[in-house]
Protein chains: 2
Amino acid sequence: MPLFSSTYTNKVDKKGRVSVPAPFRSTLPSDDQSISVLPSLVSKAIEGFDYSYLTQISERLDNYDMMTVPGQPSNPAAKILSRSMTLSIDSDGRIVLPQEFMKHAGISDRAVFVGLGKTFQIWSPEEYTAAMGQDEEELM
Amino acid sequence: MPLFSSTYTNKVDKKGRVSVPAPFRSTLPSDDQSISVLPSLVSKAIEGFDYSYLTQISERLDNYDMMTVPGQPSNPAAKILSRSMTLSIDSDGRIVLPQEFMKHAGISDRAVFVGLGKTFQIWSPEEYTAAMGQDEEELM
DNA sequence: TCTAATACCATGTTATTCCATGATGGATTG
DNA sequence: CAATCCATCATGGAATAACATGGTATTAGA
């Protein structure tokens with residue numbers, strides 16, 4: 001199981017490309033170099049995790065019941081699945097952030113990767129420092 | 001096992017043709033590029049899944065004692081099987097939505113594909129935003 | 001034969017892959 | 001201990017492929 005830790009800031013080019021921090025990549029299974037992301041439901045950030053995490057969420061959804069029991073779109077698991085995208089990491093270690101996701105997180109030219117164990121988050125430097133409080137200035 | 005996620009909006013032409021989002025296609029088994037669909041039993045949408053999912057539902061129906069339990073058509077599994085159609089994906093990655101299905105979902109010229117894990121749904125943009133609530137505007 | 005469904009082809013746009021460069025740090029060797 | 005070599009990493013740009021989409025041709029069914 002992957003374990004994401006520490007904090008890294010990388011540049012985002014005009015196409016939305018950004019390098020996934022190497023330590024994050026190395027915790028991913030070597031046969032599936034991809035990450036799944038979605039706009040956070042609670043903050044101005046992007047939530048990230050590995051693919052197996054998505055399958056766990058999917059299993060929580062009994063789709064058979066979903067088709068016959070009303071109230072689907074508001075189901076939390078459905079919300080996560082419908083909003084998440086799986087981004088493949090290219091041979092240079094980069095992903096392309098979807099425009100809408102960047103917009104949600106207020107990301108333009110730099111992205112802060114924050115390891116949180118089984119998951120991580122991607123912030124804009126500005127939003128991250130604001131959310132963290134004033135005791136952060138050495139993000140460079 | 002395929003896992004459908006994220007949300008995509010594609011155009012529907014006058015013939016009812018629409019591209020299946022490439023990420024959805026790639027989760028399907030390469031030797032069976034088709035999807036099975038039915039009008040949702042609970043909402044103004046089309047339910048979709050791959051063929052193997054249909055067989056699972058069929059097995060549920062087999063476990064159901066048809067000889068002793070009356071009113072089989074009301075069995076959800078029976079309802080799903082009887083209403084489902086399997087649509088083949090053409091060489092350009094498109095399907096043709098049956099007219100009745102489009103009518104059920106209120107689809108005219110655009111279709112929203114919503115990934116929900118083992119299954120997905122197809123909505124009209126209008127109905128989908130209405131069903132999701134007010135907090136969705138970036139469907140593009 | 002006429003109509004409708006299906007298969008085929010063409011095109012612009014977008015995304016993905018490939019290649020080159022600079023920076024960094026660790027290890028090896030003089 | 002210092003200089004050099006090598007591997008990894010982040011980053012930019014350009015070439016290439018994939019995708020969505022509209023149109024036309026061909027086939028099949030009524």
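Naming: A, B, ... by sequence-line order, numbering from 1 per chain.
- In this structure a side-chain-to-backbone donor-acceptor pair under 3.5 Å is missing from B:Arg17 to B:Arg94.
- Atom P of nucleotide D:dC9 and atom CD of A:Gln33 are separated by 11 Å, given to the nearest angstrom.
- Remark: the backbone N or O of B:Lys15 is paired with a side-chain donor or acceptor of B:Asp13 at under 3.5 angstrom.
- Distance CZ (A:Phe24) to P (D:dA10): 11 Å, rounded to an integer number of Å.
- Checking side-chain atoms of A:His104 against main-chain N and O of A:Ser40 turns up a donor-acceptor pair under 3.5 Å.
- Relative orientation of the A:Trp123 and A:Tyr128 rings is tilted, given thresholds of 30° and 60° on the angle between their planes.
- Distance A:Ile89 CD1 to C:dT16 P: 13 Å, rounded to the nearest Å.
- Counting to the nearest Å, the P atom of C:dT6 and the CD1 atom of B:Ile95 are 12 Å from each other.
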Whether each nucleotide of nucleotides 17-25 of chain D has a protein heavy atom under 4.0 Å at its base (B), only at its sugar-phosphate (S) or at neither (-) is summarised, 5' to 3', as --SSBBBB-
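- Within a 6.0 Å sphere centred on OH of A:Tyr53, other residues, nucleotides and ligands contribute 12 heavy atoms or fewer.
- Rounded to an integer number of Å, the gap from A:Asp90 CG to D:dG13 P is 16 Å.
- In this structure, the side chain of B:Ser84 engages the main chain of B:Ile80 through a donor-acceptor pair within 3.5 Å.
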